[in-house]
A.B. asks: 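I'd like to ask you about the structure that follows.
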Amino acid sequence: MKDRAKMQSDSAGAGRVRRSLLPTLRFVLIFAVSAPLALLILSLRPEGWRFTLLYPVAVLVLFAADLTMTLPWKRLGVTVHVPPRLTPASRGKRREECVKISLDAGDWDRPVNVEILPELSGDALEPLPVRGELAGRTDFFCPLAPTRRGRLLLDALWLRWRGPWGLAEMRLRQPVGEAVDVVPDVRGLHEDALRFFTGDTIFGSKVQRARGEGTEFEALREFAPGMDTRLIDWKRSARHRKLLGREFRQERNHLIVVGFDTGRLMLESVDGQPKLDHAVRAGLLLARVSLHAGDLIGACGFDARFRHFLPPERGNAQFSRFQRFSASLEYREDETNFTLALAELNSRLRRRSLIVLFTDFVDAVSAELMLESLQWLTRRHVVLFVALRDPLPERIRNSPPEDFGSVARAVVAGDLLRERAVVLERIARLGVHCLDVSSRELSPALLNRYLMIKQRGLL
C-alpha cells in the first residue's frame, strides 16, 4: 500500500470530474427496429422511401425530449462522508461499514432513480452498487468491506441515472480521494484486557496500592507476624524502639515502545493471517493494558529502513493514536535492517525503556546481525524479543514417515527447529527476554511477561 500523502496526491492528479451521455439499450433496440421497418416499406412500396425516414427521426426526437427531462449534471450536488476508521472482516465472516453519500438535486421536481458505485484502491471486497430514488436531498449508504488491516482509498464515485422514458443515460465520475484507516477490531480486545484489570496486577487512574509489592517506597508500618523479615528497616526500628517494616508500591510512568518488523518474514501467513497482523493485535492489547497501568506507550515500524515512530505518551487518546499508527504499517517485501532500525530507535529514546520487538528470523546465519544489534541495545534498555512460532515445521517433523520424501522433509524441519532454538538461547544469554509462542498464546504470554518485568522492577 502507499502512504496517505502519496495516495491522495496520485488521486489529485487523476481526480477529474468525468461526465458522459450515452443512449440506453432500450433506445438502441427501438432505433434498430427502423432498419427492418424501412426494408419492409421499400419491398411493398418503393415509391414511399421518404416515409422510411420518419421512424428514426421520431425516435431521435423522443431521445432529445427524454434528455431535456433528465436531471442535468450541474444541478446535482455530491457530498461524501467517510467514516474515521474501518475494521477488516474477520476470518470467514463479512463485516461491512458504510460511507454516507448525500445527493442534492436542488429544486428538481421529478424523482430520479440513481445508481452509485464506489471506486476503491486497497484490499477490500468488490463493492456492490447502491440504488435508490433521489428527490431533493437524499442520503445513500454505500457498504465497504475491507479484507485486512492497512489503508483503503476511496478514489471516486460513479453515478448514473436515466430519463423518465429510459432512453438517455447520464454518467458522472465524482473524485473523492479520501483515505480511510483500516484498524484491527478491538471489541474482543477490550474483553481480553479486562481480565488483567485487577488490583493485584494493574493499577488504573484510581488510587490502588498493593502493600508489600512493587519497587517504589511507600511507607513504614509496624512489623507483624507473616511479613518478610527482609523488609525490616533496622535503623528506624532502633530509633523508634520497635520493629518497623518497609512497604512498597507498584512503580508507574514506565516507557514501553513496541517495535514492529514489517519486512518480508512478517508477511508469512500463520493461522490464516500474516504474522504482522498477529503482532499488531497483541501490541494493541499490550497498549491497552499498559496505558491503564499508568505507563507511557509508543511504537515504531521498520524494515529496510526506519519508517514510522509514535512517541510514547499516556492517556486514553494515545490508544486511538496507536490504532491509527497500526493502520500505517505496510506489508513490504524488503529485508529487515536491524542495525539501522535499532540504532535509530535508540537515538530517539531519552531514558530506559521496555522495548518489545515483534520480528522473526530464518536461521542462525541470518540472525547474526540481529544478535549484534540486540546486544548493543540491552546495555541501556530492557528488550523483549517476541517471535511467532510457525506450527508447520513442527507438524512436519512429528508426522509419521511414509516415504523417502517425507523423511527428508522431517529431517530438514528438525534442523530448522534446532537452529531456531539455538538462536533463541543465544538471545536469552544476552539478557533479552524471549517469547517464542503460537498465535493463540501470543497475547497472554506477552502480557504475563510484561507484568513479570514490572513486578521484578527490571525497569
A.B. asks: Hey, does the side chain of Asp261 reach the backbone of Gly263 with a donor-acceptor pair shorter than 3.5 angstrom?
C.D. replies: yes
A.B. asks: Determine whether Arg352 and Arg380 satisfy the following criterion, side chain to side chain contact (heavy atoms under 4.5 Å, CB included), listing intermediate values before the conclusion.
C.D. replies: CA-CA 6 Å; Arg352 184 175 175 85; Arg380 185 181 171 195; 5.7 Å; no
A.B. asks: Can you confirm whether Leu120 sits close enough to Leu153 that some side-chain heavy atom of one is under 4.5 Å from a side-chain heavy atom of the other?
C.D. replies: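 No, side chains not in contact.
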A.B. asks: Could you tell me which non-hydrogen atom of Ala299 sits nearest to which non-hydrogen atom of Phe325, and how far apart they are?
C.D. replies: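 Of all heavy-atom pairs spanning Ala299 and Phe325, the closest is CB-CE2, 3.3 Å.
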A.B. asks: How about Arg449 and His433: do any of their side-chain heavy atoms sit closer than 4.5 Å?
C.D. replies: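 Yes, their side chains come closer than 4.5 Å.
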A.B. asks: Do any N or O atoms from the side chain of Gln318 and from the backbone of Ile297 form a donor-acceptor pair under 3.5 angstrom?
C.D. replies: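 Yes, because the side chain of Gln318 sits within donor-acceptor range (under 3.5 Å) of the backbone of Ile297.
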A.B. asks: Surrounding CG of Asp403 (heavy atoms of other residues, nucleotides or ligands, distance under 6.0 Å), is the total greater than 12?
C.D. replies: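 Check passes, neighbour count above 12.
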A.B. asks: Taking all atoms of both residues into account, what is the closest heavy-atom pair of Leu371 and Val423, and its distance?
C.D. replies: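 Minimum heavy-atom contact is CD2-O, 4.4 Å.
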A.B. asks: Salt bridge or not between Glu330 and Arg151? Use side-chain N to carboxylate O under 4.0 Å.
C.D. replies: no
A.B. asks: Provide the full list of side chain to side chain donor-acceptor pair (under 3.5 Å) pairs with a residue in residues 417-428, sequence neighbours left out, each pair given once.
C.D. replies: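 Listed once each, the pairs are Asp360-Arg420, Glu368-Arg426, Asp415-Arg418, Arg420-Asp436, Glu425-Arg429.
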A.B. asks: Using the test salt bridge (Lys or Arg N to Asp or Glu O under 4.0 Å), find all partners of Arg131 that sit at least two apart in sequence or belong to another chain.
C.D. replies: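 For Arg131, the residues satisfying salt bridge (Lys or Arg N to Asp or Glu O under 4.0 Å) (neighbours in sequence not counted) are Glu115.
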A.B. asks: Tell me, please, whether Tyr331 has Arg148 positioned over its six-membered ring: NZ or CZ under 6.0 Å from the ring centre and within 45 degrees of its axis?
C.D. replies: yes
A.B. asks: Test: ring-ring contact (aromatic ring centres under 6.0 Å, His included). Region: residues 136-159. Which pairs qualify, not counting sequence neighbours?
C.D. replies: none
A.B. asks: Rounded to the nearest 0.5 Å, how far apart are CH2 of Trp73 and CH2 of Trp161?
C.D. replies: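 Result: 7.5 Å between the selected atoms.
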A.B. asks: Supply the atom-to-atom distance Leu446 CG to Arg281 CZ, rounded to the nearest 0.5 angstrom.
C.D. replies: 13.0 Å
A.B. asks: Go through it in stages, so that I can follow the logic: the residues are Leu388 and Ser439, the test is side chain to side chain contact (heavy atoms under 4.5 Å, CB included), and I'd like the CA-CA distance, side-chain angles, deciding distance and then a yes or no.
C.D. replies: CA-CA 6 Å; Leu388 197 60; Ser439 60; 4.2 Å; yes
A.B. asks: Could you report the tightest heavy-atom contact between Leu134 and Leu103, atom names first, then the distance?
C.D. replies: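 Answer, listing the atom of Leu134 first, then Leu103: CD1-O, 3.6 Å.
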A.B. asks: Is any side-chain heavy atom of Ser406 closer than 4.5 Å to a side-chain heavy atom of Arg409?
C.D. replies: yes
A.B. asks: Would you call Glu119 and Arg173 a salt bridge, using N to O less than 4.0 angstrom?
C.D. replies: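 Salt bridge flag = yes for Arg173 with Glu119.
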A.B. asks: Applying side-chain contact (heavy atoms from CB on, under 4.5 Å), name anything that partners Val80, two or more places apart in sequence or on another chain.
C.D. replies: Val78, Val82, Val99, Leu154, Leu157, Val176
A.B. asks: Just checking, is any N or O donor in the side chain of Thr147 or Asp123 under 3.5 Å from an acceptor N or O on the other one?
C.D. replies: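 No, because no side-chain N or O of Thr147 sits under 3.5 Å from a partner of the opposite role on Asp123.
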A.B. asks: Which is it for Leu291 and Phe322 under the side chain to side chain contact (heavy atoms under 4.5 Å, CB included) test, yes or no, and what are the steps along the way?
C.D. replies: CA-CA 11 Å; Leu291 288 173; Phe322 199 102; over 6 Å; no
A.B. asks: Could you check whether any side-chain heavy atom of Arg351 comes within less than 4.5 Å of a side-chain heavy atom of Leu255, counting everything from C-beta outward?
C.D. replies: yes
A.B. asks: What are the two closest heavy atoms between Leu329 and Gly301, and how far apart are they?
C.D. replies: CD2-CA, 3.9 Å
A.B. asks: Would you compute the distance between atom CG of Leu71 and atom CE of Met170 and round it to the nearest 0.5 angstrom?
C.D. replies: 7.5 Å
A.B. asks: Search all heavy atoms of Val437 against all heavy atoms of Ala445 and return the closest pair with its distance.
C.D. replies: CG1-CB, 4.1 Å
A.B. asks: Got a sec, which residues hit side-chain contact (heavy atoms from CB on, under 4.5 Å) with Arg171, two or more places apart in sequence or on another chain?
C.D. replies: Ser20, Leu22, Arg160, Glu169
A.B. asks: Got Leu349 and Ile355 here, is their nearest side-chain heavy-atom distance under 4.5 Å?
C.D. replies: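 Yes - at least one pair of side-chain heavy atoms lies under 4.5 Å apart.
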A.B. asks: Return the set of residues passing salt bridge (Lys or Arg N to Asp or Glu O under 4.0 Å) with Asp107 (not counting sequence neighbours), or none when no residue passes.
C.D. replies: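 Salt bridge (Lys or Arg N to Asp or Glu O under 4.0 Å) check on Asp107 returns Arg75.
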A.B. asks: First locate atom OH of Tyr450, then atom CG of Leu435, and finally report the distance between them rounded to the nearest 0.5 Å.
C.D. replies: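 One gets 14.5 Å once the value is rounded to the nearest 0.5 Å.
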A.B. asks: Nearest heavy-atom pair of Leu285 and Ser443: which atoms, and what distance?
C.D. replies: CD2-CB, 3.5 Å
A.B. asks: Taking C-beta and beyond as the side chain, do Val356 and Val386 meet within less than 4.5 Å on heavy atoms?
C.D. replies: yes
A.B. asks: Filter on salt bridge (Lys or Arg N to Asp or Glu O under 4.0 Å), then keep only pairs touching residues 133-146, sequence neighbours left out; what's left?
C.D. replies: Lys100-Asp139
A.B. asks: Are any side-chain N or O atoms of Asn448 and backbone N or O atoms of Pro444, one a donor and one an acceptor, separated by less than 3.5 Å?
C.D. replies: yes
A.B. asks: Salt bridge or not for Asp334 and Arg307, using N-O below 4.0 Å?
C.D. replies: yes
A.B. asks: Compare all side-chain heavy atoms of Ile116 with those of Cys142 and state whether any distance is below 4.5 angstrom.
C.D. replies: no
A.B. asks: Could you walk me through whether Thr262 and Asp303 pass side chain to side chain donor-acceptor pair (under 3.5 Å), step by step?
C.D. replies: CA-CA 5 Å; Thr262 59; Asp303 43 77; 2.7 Å; yes
A.B. asks: Test of understanding: with side-chain contact (heavy atoms from CB on, under 4.5 Å), list the residues that count as partners of Ala408, not counting sequence neighbours.
C.D. replies: none
A.B. asks: Among residues two or more places apart or on two chains, list those pairs meeting ring-ring contact (aromatic ring centres under 6.0 Å, His included) that have a residue in residues 340-378.
C.D. replies: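 Sorted result for residues 340-378: Phe260-Phe358.
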A.B. asks: For Glu268, check salt bridge (Lys or Arg N to Asp or Glu O under 4.0 Å) against everything at least two apart and list the hits.
C.D. replies: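 Listed in chain order: Lys275.
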A.B. asks: Given the rule in the side chain to side chain contact (heavy atoms under 4.5 Å, CB included) test, do Gln174 and Val17 qualify, once you have shown the distances and angles that lead to the verdict?
C.D. replies: CA-CA 5 Å; Gln174 180 68 35; Val17 179; 4.2 Å; yes
A.B. asks: Quick check for you: to the nearest 0.5 Å, what is the distance between Thr378 atom OG1 and Leu430 atom CG?
C.D. replies: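 Taking OG1 in Thr378 and CG in Leu430, the distance rounds to 6.0 Å.
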A.B. asks: Tell me, please, which residues at least two apart from Arg397 pass side-chain contact (heavy atoms from CB on, under 4.5 Å).
C.D. replies: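 Only Glu394, Ala413, Leu417 meet the side-chain contact (heavy atoms from CB on, under 4.5 Å) criterion with Arg397.
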A.B. asks: What is the distance from atom CG of Leu345 to atom CG of Leu357, rounded to the nearest 0.5 Å?
C.D. replies: 7.5 Å
A.B. asks: Just wondering, do Phe306 and Asn337 contact through their side chains at under 4.5 Å, heavy atoms?
C.D. replies: no
A.B. asks: Could I get the full list of salt bridge (Lys or Arg N to Asp or Glu O under 4.0 Å) partners for Arg348, not counting sequence neighbours?
C.D. replies: Glu344
A.B. asks: How far apart are the C-alpha atoms of Asp295 and Lys454, what are their side-chain angles, what is the distance that settles it, and do they pass the salt bridge (charged side-chain N to carboxylate O under 4.0 Å, His left out) test?
C.D. replies: CA-CA 10 Å; Asp295 293 333; Lys454 283 179 64 70; 3.0 Å; yes
